[in-house]
A.B. asks: 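Attaching a single structure in structure tokens format; questions to follow.
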Amino acid sequence: MQITVDGENVTLEPGGDGFELFPDKNIIAMFVNGEEVDLAYKFQENDQTSAITIDSDAGLRILRHSVAHIAAQAVQDLYEAKLGIGPPIEDGFYYDFMIDEPLTEQDLAKIQKRMKEIVKSSQRFTRRVVSEAEAREEMSAEPLKLELLDRRSESLDEGNVEVDAGELTIYDNIDRNGETKWKDLCRGPHVPNTRIADKGFALTRVSAAYWLGDQSRQSLQRVYGTAWPDAESLAEYKERLEEAARRDHRKLGQELDLFSFPSEIGSGLPVFHPKGGIIRQVMEDYSRKKHLEEGYEFVYTPHISKQNLFEISGHLQWYSEGMFPPMHIDSEYDQEGELKKQGQNYYLKPMNCPFHILIYKSRSRSYRELPLRMFEFGSVYRYEKSGVVHGLTRVRGMTQDDAHLFVTQEQLAEEIEKVLQFVLDLLRDYGLNDFYLELSSRDDGDKFVGDAKAWELATETLSKVASATGLELVADPGGAAFYGPKISVQAKDAIGRTWQMSTIQLDFNLPERFDLEYVGSDGEKHRPIVLHRALFGSIERFFGVLTEHYAGHFPPWLAPVQVACVPITENQHEYLLDFADTLKEQGIRVEVDLSDERMQKKIRNHTMSKIPFIVIAGDSDEAESAVSFRYRDGTQRNGIKLEQAVEEIMDAVASREQV
RNA sequence: GCCGGCAUGGCGCAACUGGUAGCGCAUCCGACUUGUAAUCGGAAGGUUAGGGGUUCAAGUCCCCUUGCCGGCUCCA
């Protein structure tokens with residue numbers, strides 16, 4: 001029998017399978033004619049195959065999915081639980097269960113212990129093709145699996161071949177004695193044997209999850225886990241989690257005294273302390289400067305508005321759920337309690353656009369004024385549901401670095417290009433360098449405004465401009481809001497996590513609703529196009545992302561305290577105070593530590609508060625008009641002359657570099 | 001909004017099955033004056049998120065509210 005292995009012709013005995021062909025233990029499955037299959041697969045004439053190693057992307061998915069099965073077996077060994085689904089996910093897997101009692105952390109430990117036993121018992125994953133009737137029979141005690149079978153037949157009826165139109169398979173877990181210990185309806189493939197999971201897995205958490213992600217369906221218990229080819233990779237993964245935890249902006253915000261969320265104020269409503277305040281101020285000042293240079297004009301608008309504005313804008317129609325409920329004011333009653341004056345509703349604003357648009361509409365506009373760019377640090381309030389607020393990244397009150405650009409059709413492409421370049425430059429100034437773009441286009445449904453033609457044109461324009469940056473462009477079909485397509489900038493942080501930062505959003509809706517126009521060179525009235533864009537997204541969120549990106553080690557230009565001076569003895573107090581004065585005159589944020597702690601303690605304190613420059617001086621330094629630098633990583637440089645020290649600090653701040 | 005967990009001085013934590021709150025850091029006072037990540041001694045500080053209940057007795061048990069955490073759903 002002839003088959004092709006990695007493009008090479010190989011001769012195999014009839015009935016030969018993957019175990020024969022790939023004896024290497026690191027190979028856990030294989031591709032056959034493009035499909036992932038078990039090693040137990042018996043080759044057919046002319047099959048094309050290649051190995052799947054355990055550490056490849058496909059291999060890891062298969063491993064994780066297999067460990068999900070082991071978890072499910074363990075759960076069913078220990079509890080009365082019905083099976084949901086158990087797919088691999090990034091870095092791990094989950095399995096959903098219908099179970100009466102919610103699982104706890106203690107349960108997790110028990111389940112993991114049981115999993116270890118299953119792994120050690122060396123069970124084989126064995127594939128078996130079944131008819132639908134057989135599958136229903138064997139899964140008769142598993143209502144959720146039966147529902148999946150129902151759904152499968154429904155979609156087959158509709159000619160939808162997406163969901164496993166192929167044969168149905170059950171995987172049996174068979175132990176050394178040939179006894180079937182467990183089975184699951186599953187497409188596979190799987191690792192050959194539970195032992196392969198050996199030392200590289202761990203359960204990580206439990207939570208609830210809706211069946212099939214549907215809020216109206218029942219809540220299941222979801223067990224999350226992770227799985228890796230070996231113990232080292234698992235340890236590395238755990239270390240990665242710990243690193244992320246160390247960088248958590250909520251923790252750093254507390255430790256570095258940057259911001260807090262007083263419960264007296266309410267959920268999702270942060271206050272910035274002086275140390276966080278100065279960072280914000282520097283960020284905002286820099287942003288203002290850049291916007292001025294880029295031709296933006298600054299506007300200011302209130303935080304609340306009468307209901308009617310949001311009726312015109314459509315927010316109440318489309319997004320009232322995300323808005324704080326209204327406050328009703330100005331009603332007046334006479335002595336009999338009869339309504340004398342109809343009051344009205346005011347809403348906290350969830351977006352700035354209607355306000356900017358009113359500024360546009362305050363007088364007639366000429367094409368000569370376009371593009372008109374209105375910028376504001378606009379405070380908005382959104383009623384985020386109670387379960388979703390999260391540190392600074394998901395809040396109920398925030399400040400957007402928001403701008404609305406009013407442009408003509410002809411100017412659109414160039415303006416988008418400018419904005420995109422502006423965004424990327426600005427993000428780079430903040431130390432983010434690794435980006436990709438996402439283009440969200442129209443949903444196929446009819447939930448959109450404007451005509452399809454205009455959408456198509458605009459999407460094409462966005463796409464062209466995005467491609468021209470040379471950055472990776474990911475399509476997000478159907479991801480657009482109802483009012484227009486958008487480009488979003490995704491940035492990767494220092495430990496490789498991606499964050500959605502800026503968005504550039506076209507709007508076909510508001511110009512219509514507010515009946516915007518400008519007078520063109522032809523003397524006729526035309527409708528401008530509105531571009532929404534926020535570069536940071538929200539200041540709060542960006543602040544959180546930067547904190548995690550830098551792990552609290554803000555570069556000198558952003559650091560709340562840029563220089564801490566530590567005298568070796570009291571004799572240097574004057575000397576360092578003079579030095580600090582010189583820096584202060586240059587606008588440097590500097591402190592001299594005159595406390596009566598020992599200098600080792602002072603160094604420790606300032607290192608822990610992550611101050612970029614610790615400047616130390618003793619007698620010998622003073623004698624030669626010098627100081628010593630100590631950086632956050634513990635490195636030191638001695639004997640730096642005063643003028644040079646000042647210059648270096650100033651340079652580091654001015655260049656916005658990290659030290 | 002849903003499921004589960006948590007809530008003790010500024011911060012991090014302790015207090016066995018209910019028996020009238022402890023420790024470290026920080027703070028304040030005093031002593032010490034010291035070349036690169038914690039000097040020593042002393043003092044002050046909480047009625048245990050808020051409210052209600054059970055009990056002779058509640059930080060420990062029950063209920064409600066608020067907030068936080070992990071997910072789900074959502075994120076204009």
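In what follows, every chain begins at residue 1, and chains take the letters A, B, ... in the order their sequences are listed.
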A.B. asks: For B:G22 versus B:A15, give the span between their C1' atoms, rounded off to a whole number of Å.
C.D. replies: 7 Å
A.B. asks: Take A:Ser219 and A:Gln215, find for each the nucleotide of RNA chain B with the closest heavy atom, and name the residue whose nucleotide sits nearer the 5' end.
C.D. replies: A:Ser219
A.B. asks: Has A:Ser207 got a side-chain N or O lying under 4.0 Å from the OP1 or OP2 atom of B:C72?
C.D. replies: no
A.B. asks: Between B:C68 and B:U8, how far apart are the two C1' atoms, rounded to whole Å?
C.D. replies: 15 Å
A.B. asks: Please tell me which of the listed nucleotides, B:U36, B:A37, B:C74, lies nearest to the side chain of A:Ile616?
C.D. replies: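 That would be B:U36.
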A.B. asks: For a 4.5 angstrom cut-off between non-hydrogen side-chain atoms, does A:Val206 reach A:Asp107?
C.D. replies: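 No, side chains not in contact.
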A.B. asks: Give A:Gly213 one of three labels, base, sugar-phosphate or nothing, depending on what nucleic acid heavy atoms sit under 4.0 Å from its own.
C.D. replies: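 Here A:Gly213 touches the backbone only, sparing every base.
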A.B. asks: Provide the distance between the two P atoms, one in B:C75 and one in B:C28, to the nearest whole Å.
C.D. replies: 49 Å
A.B. asks: Please work out whether the ring planes of A:Tyr319 and A:His315 are parallel, tilted or perpendicular, with thresholds of 30° and 60°.
C.D. replies: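 Rings of A:Tyr319 and A:His315: tilted, as their planes differ by 30° to 60°.
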A.B. asks: Can you tell me, in whole Å, how much space there is between the P of B:C72 and that of B:A38?
C.D. replies: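 It works out to 42 Å between them.
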A.B. asks: Minimum heavy-atom separation for A:Arg533 to A:Asp401, with atom names?
C.D. replies: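 Closest pair (atom of A:Arg533, atom of A:Asp401, distance): NH2-O, 2.9 Å.
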A.B. asks: Rounded to the nearest Å, what distance is computed from the OH atom of residue A:Tyr575 to the P atom of nucleotide B:G35?
C.D. replies: 17 Å
A.B. asks: Write down the distance between OH (A:Tyr95) and C1' (B:C72), rounded to a whole number of angstrom.
C.D. replies: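 Atom OH in A:Tyr95 sits about 18 Å away from atom C1' in B:C72.
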A.B. asks: From the options B:G1, B:G12, B:G35, select the nucleotide whose nearest atom is closest to the side chain of A:Val388.
C.D. replies: B:G1
A.B. asks: Kindly point out which of B:U36, B:A76, B:C75 is positioned nearest to the side chain of A:Tyr483?
C.D. replies: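 Closest of the options to the side chain of A:Tyr483: B:A76.
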A.B. asks: Given the structure, check if the side chain of A:Ser620 and the base of B:G35 hold any donor-acceptor pair shorter than 3.5 Å.
C.D. replies: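 Under the 3.5 Å cut-off, the side chain and the base do form a donor-acceptor pair.
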A.B. asks: Grab the CG-P distance between A:Leu506 and B:A76 for me, whole Å please.
C.D. replies: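 Going from A:Leu506 (CG) to B:A76 (P), I get 16 Å.
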A.B. asks: Has the side chain of A:Asp621 got a donor or acceptor atom sitting under 3.5 Å from an opposite partner on the base of B:G35?
C.D. replies: yes
A.B. asks: Any strand counts, and the cut-off is 3.5 Å on both contacts for Watson-Crick or G-U wobble. Which nucleotide pairs with B:G9?
C.D. replies: none
A.B. asks: Can you tell me how far P of B:G5 sits from CD of A:Glu105, to the nearest Å?
C.D. replies: 11 Å
A.B. asks: Please determine whether a side-chain nitrogen or oxygen atom of A:Lys601 lies at a distance below 4.0 Å from atom OP1 or OP2 of B:A26.
C.D. replies: yes
A.B. asks: Heavy atoms under 4.0 Å, any strand shown: does A:Gln254 hit a base, just sugar-phosphate, or nothing?
C.D. replies: sugar-phosphate
A.B. asks: Check A:Arg246 with A:Glu239, please: is the shortest side-chain N to carboxylate O separation under 4.0 Å?
C.D. replies: yes
A.B. asks: In plain terms, say whether A:Arg240 and A:Asp91 are close enough for a salt bridge, that is, a side-chain N and a carboxylate O under 4.0 Å apart.
C.D. replies: yes
A.B. asks: Suppose you measure atom P in B:U54 against the same atom in B:C63; what distance do you get, rounded to whole Å?
C.D. replies: 15 Å
A.B. asks: What's A:Asn638 touching, base or sugar-phosphate or nothing? Going by heavy atoms closer than 4.0 Å.
C.D. replies: base
A.B. asks: Going by modelled atom types, is there a donor-acceptor pair between the base of B:U36 and the side chain of A:Gln600 at under 3.5 Å?
C.D. replies: no
A.B. asks: Does A:Tyr383 place a side-chain N or O at less than 4.0 Å from the phosphate oxygens OP1/OP2 of B:G1?
C.D. replies: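 Answer is yes, contact under 4.0 Å.
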A.B. asks: Please determine whether a side-chain nitrogen of the Lys or Arg among A:Glu242 and A:Lys238 lies less than 4.0 Å from a carboxylate oxygen of the Asp or Glu.
C.D. replies: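 The answer is no: the pair does not qualify as a salt bridge.
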A.B. asks: Specify the separation, in whole Å, of atom CG of A:Asp633 and atom P of B:U36.
C.D. replies: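 Rounding to the nearest Å, CG of A:Asp633 and P of B:U36 are 17 Å apart.
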A.B. asks: Pick the closest RNA chain B nucleotide for A:Gly618 and for A:Ser263 by heavy atoms, then say which residue is nearer the 5' end.
C.D. replies: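 With A:Gly618 and A:Ser263 compared, the 5'-side residue is A:Gly618.
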A.B. asks: Counting only side-chain nitrogens and oxygens, does A:Arg541 get under 4.0 Å of the OP1 or OP2 atom of B:C75?
C.D. replies: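 Checking B:C75 against A:Arg541, no side-chain N or O comes under 4.0 Å of OP1 or OP2.
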A.B. asks: Could you give the CD1-to-C1' distance, from A:Ile568 to B:A37, as a whole number of Å?
C.D. replies: 14 Å
A.B. asks: For residues A:Thr503 and A:His532, is any side-chain donor paired with an opposing acceptor at under 3.5 Å?
C.D. replies: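 Checked: A:Thr503/A:His532 side chains show no N/O donor-acceptor pair below 3.5 Å.
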A.B. asks: Less than 4.0 angstrom from a charged side-chain N to a carboxylate O is my criterion; do A:Glu597 and A:Arg604 meet it?
C.D. replies: no
A.B. asks: Which one is paired to B:U55, where only Watson-Crick or G-U wobble pairs with both distances under 3.5 angstrom count?
C.D. replies: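 Its partner: none found.
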A.B. asks: Any base atoms under 4.0 Å from A:Ala208, or only sugar-phosphate, or nothing? Heavy atoms, all strands.
C.D. replies: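 The answer is base, as A:Ala208 lies within the cut-off (heavy atoms under 4.0 Å) of a base atom.
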A.B. asks: How is A:Asp214 classified with respect to the nucleic acid when contacts are heavy atoms under 4.0 Å: base, sugar-phosphate, or nothing?
C.D. replies: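 No contact at all - A:Asp214 keeps every heavy atom at 4.0 Å or more from the nucleic acid.
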A.B. asks: Which of the following nucleotides, B:C72, B:C68, B:A76, is nearest to the side chain of A:Ala209?
C.D. replies: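 Of B:C72, B:C68, B:A76, B:C72 is nearest to the side chain of A:Ala209.
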A.B. asks: With a 3.5 Å cut-off and heavy atoms only, can you find an N or O donor on one side and an acceptor on the other between the side chain of A:Ser628 and the base of B:G35?
C.D. replies: yes
A.B. asks: Measuring from the side chain of A:Arg382 (C-beta onward, heavy atoms only), which nucleotide among B:U36, B:C72, B:A76 has the closest atom?
C.D. replies: B:A76
A.B. asks: Would you indicate which nucleotide in B:A76, B:C68, B:G71 comes nearest to any side-chain atom of A:Arg205?
C.D. replies: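 So the nucleotide nearest the side chain must be B:G71.
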A.B. asks: Pull out every residue in residues 243-250 of chain A that has a heavy atom closer than 4.0 Å to any atom of RNA chain B, ordered by number, or say none.
C.D. replies: A:Arg250
A.B. asks: Would you say that more than 12 heavy atoms from the other residues, nucleotides or ligands in this model lie under 6.0 Å from the CG of A:Asp100, or not?
C.D. replies: no
A.B. asks: Does the separation of the ring centres of A:Tyr360 and A:Phe514 fall below 6.0 angstrom?
C.D. replies: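 Ring centres of A:Phe514 and A:Tyr360 not closer than 6.0 Å.
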A.B. asks: Across all strands, who's sitting opposite B:C75 as a Watson-Crick or G-U wobble pair, both distances under 3.5 Å?
C.D. replies: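 Base-paired to nothing in any strand shown.
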A.B. asks: Could you state the CD-P distance from A:Glu597 to B:C40, rounded to the nearest angstrom?
C.D. replies: 11 Å
A.B. asks: What's A:Arg630 touching, base or sugar-phosphate or nothing? Going by heavy atoms closer than 4.0 Å.
C.D. replies: base
A.B. asks: How would you label the contact of A:Gln221 with the nucleic acid (heavy atoms, under 4.0 Å): base, sugar-phosphate, or nothing?
C.D. replies: sugar-phosphate
A.B. asks: Do A:Tyr210 side-chain and B:G1 base share a donor-acceptor contact under 3.5 Å?
C.D. replies: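 Per atom types, the contact qualifies.
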A.B. asks: Taking the P atom in each of B:A57 and B:G52, what is the distance between them to the nearest angstrom?
C.D. replies: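 Comparing P positions in B:A57 and B:G52 gives a spacing of 16 Å.
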A.B. asks: CZ of A:Arg598 versus C1' of B:U34: gap in Å, rounded?
C.D. replies: 6 Å
A.B. asks: Indicate, with a heavy-atom threshold strictly under 4.0 Å, whether A:Gly268 touches base, sugar-phosphate, or nothing.
C.D. replies: sugar-phosphate
A.B. asks: Look at all strands and tell whether A:Phe261 reaches a base, only sugar-phosphate, or nothing, counting heavy atoms closer than 4.0 Å.
C.D. replies: nothing
A.B. asks: Can you list the steps and then say if A:Tyr383 with A:Tyr381 is a ring pair (Phe, Tyr, Trp, His ring centres under 6.0 Å)?
C.D. replies: CA-CA 7 Å; A:Tyr383 183 72; A:Tyr381 298 88; over 10 Å; no
A.B. asks: Would you please classify the geometry between the A:Phe310 ring and the A:Tyr347 ring as parallel, tilted or perpendicular, with 30° and 60° separating the classes?
C.D. replies: perpendicular
A.B. asks: Describe the nucleic acid contact of A:Ser267 in one word from base, sugar-phosphate, nothing, applying a heavy-atom distance below 4.0 Å.
C.D. replies: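 The residue A:Ser267 makes sugar-phosphate contact but no base contact.
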A.B. asks: With respect to the phosphate group of B:G70, does any side-chain polar atom (N or O) of A:His390 fall under 4.0 Å of OP1 or OP2?
C.D. replies: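 The answer is yes; a side-chain N or O of A:His390 sits under 4.0 Å from OP1 or OP2.
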A.B. asks: Using the C1' atom on both, measure B:G12 against B:C16 and round to a whole Å.
C.D. replies: 23 Å
A.B. asks: Sticking with atom C1', work out how far B:U47 lies from B:U60, rounded to a whole angstrom.
C.D. replies: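 It works out to 14 Å between them.
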A.B. asks: Taking atom types as they are modelled, is there a donor-acceptor pair under 3.5 Å from the base of B:U34 to the side chain of A:Thr569?
C.D. replies: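 Looking at the base of B:U34, it does not pair with any donor or acceptor on the side chain of A:Thr569 (distance under 3.5 Å).
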